[in-house]
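Below is one structure, written out as structure tokens; comments come after it.
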Amino acid sequence: MKPIVIVRNEDPDPGGTVVEELGALALPVTIVDAHHGGTLPDTAEVSGVVIFGGSQHADDYDGHPYLKDERDLAHEATERGVPVLGICLGGQILAIAKGATLRPSPVKEFGFTEVTPTAAGRADPVLGVWEPGDRVFHWHEDTFDLPDGATLLMEGDHVTNQAFRYGDSAWGLQFHPEVTRDVIEGWLGVAGDTETNWGKTHDRIREEIAAHLAAEERHAREMIRRFADVVRGRVTSTPSI
């Protein structure tokens, strides 16, 4: 089986639940640090693509030229039918790759925020794990419009587009299903004054971790296992050449 490529966009991003669950399933994984000049593979050489988050604006190609390469990777993967999971910045990159626009979010979302699956979301083979009223971890100031032909899977009260599916094997999320306590603590360690910049103190985020993280992790790990099932299904259904 060809590896699943995980594209990272900042240093304090060890992969959390995504790397842990793919490892538990013994699936081959290649991690590329795009922000350090890592070379993205050809989509013919991978069985799946996961693009992680970051503090960059997804369309800032002048400041971060590698984001254009990630956009092209996401586009080519969907054209080939290679499963894609875009997380936060990665979800925005997927949306842009399929023709949507990026814009400032109506609010800065930071911490655990309630989301609601749509009818399509409840029936989705990957995101169908999420339930009305679930809280998921956010940290973003931009949001994406839906690409033409995409299906909205999850909504938020303040930022409507929380998750979408493009075709039958690409998913873009605005939130962070990969978070564990260690992942969030790592981010807080480099975040500076979050109260001034994001409206919540570190202590407030830790209170939210205690209240909501366990439930998010449970759903997120199952979501990742379902994504892995899609990847494996594509591998076994693709004829050898």
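The pair Arg234-Asp168 counts as a salt bridge, with a side-chain nitrogen and a carboxylate oxygen less than 4.0 angstrom apart. Between Lys200 and Glu109 there is no salt bridge, since no side-chain N of the basic residue sits under 4.0 Å from a carboxylate O of the acidic one. Look at Arg226 and Asp229 and you find no salt bridge, because none of the NZ, NE, NH1 or NH2 atoms lies under 4.0 Å from a carboxylate O. Ion pairing between a basic and an acidic side chain is recognised when a charged N comes within 4.0 Å of a carboxylate O; Lys2 and Glu45 show no such pairing. The existence of a salt bridge linking Glu195 and Arg204 is excluded, since no basic side-chain nitrogen approaches an acidic carboxylate oxygen closer than 4.0 Å.
Minimum interatomic distance between Thr143 and Gln174 (heavy atoms only, all atoms of both residues): CA-OE1, 3.6 Å. Considering all non-hydrogen atoms of both residues, Gly81 and Ser169 come closest at O-OG, 3.7 Å. The heavy-atom pair separating Met154 from Leu127 by the smallest distance is SD-CD2, 3.8 Å.
For residues 113-135, the pairs satisfying ring pair (Phe, Tyr, Trp, His ring centres under 6.0 Å) are Trp130-Phe175, Trp130-His219, with sequence neighbours left out.
Within 6.0 Å of NE2 on His158 lie no more than 12 heavy atoms contributed by other residues, nucleotides or ligands. Shown here is Asp42, whose CG atom has more than 12 heavy atoms of other residues, nucleotides or ligands within 6.0 Å.
Between the side chain of His176 and the backbone N or O of Glu178, no donor-acceptor pair lies under 3.5 Å.
Phe110 and Trp198 have tilted rings, their planes meeting at an angle from 30° to 60° on a 0 to 90° scale. Using cut-offs of 30° and 60° for the angle between ring planes, the Phe137 and Trp187 rings count as tilted.
Hydrophobic cluster membership for Leu152: Val5, Val7, Val32, Leu40, Val46, Val49, Ile51, Tyr61, Tyr66, Leu67, Leu73, Val82, Val84, Leu89, Ile93, Leu94, Ile96, Leu102, Phe144, Leu146, Phe164, Tyr166 (Ile, Leu, Val, Met, Phe, Trp, Tyr linked by side-chain heavy atoms under 4.5 Å, directly or transitively).
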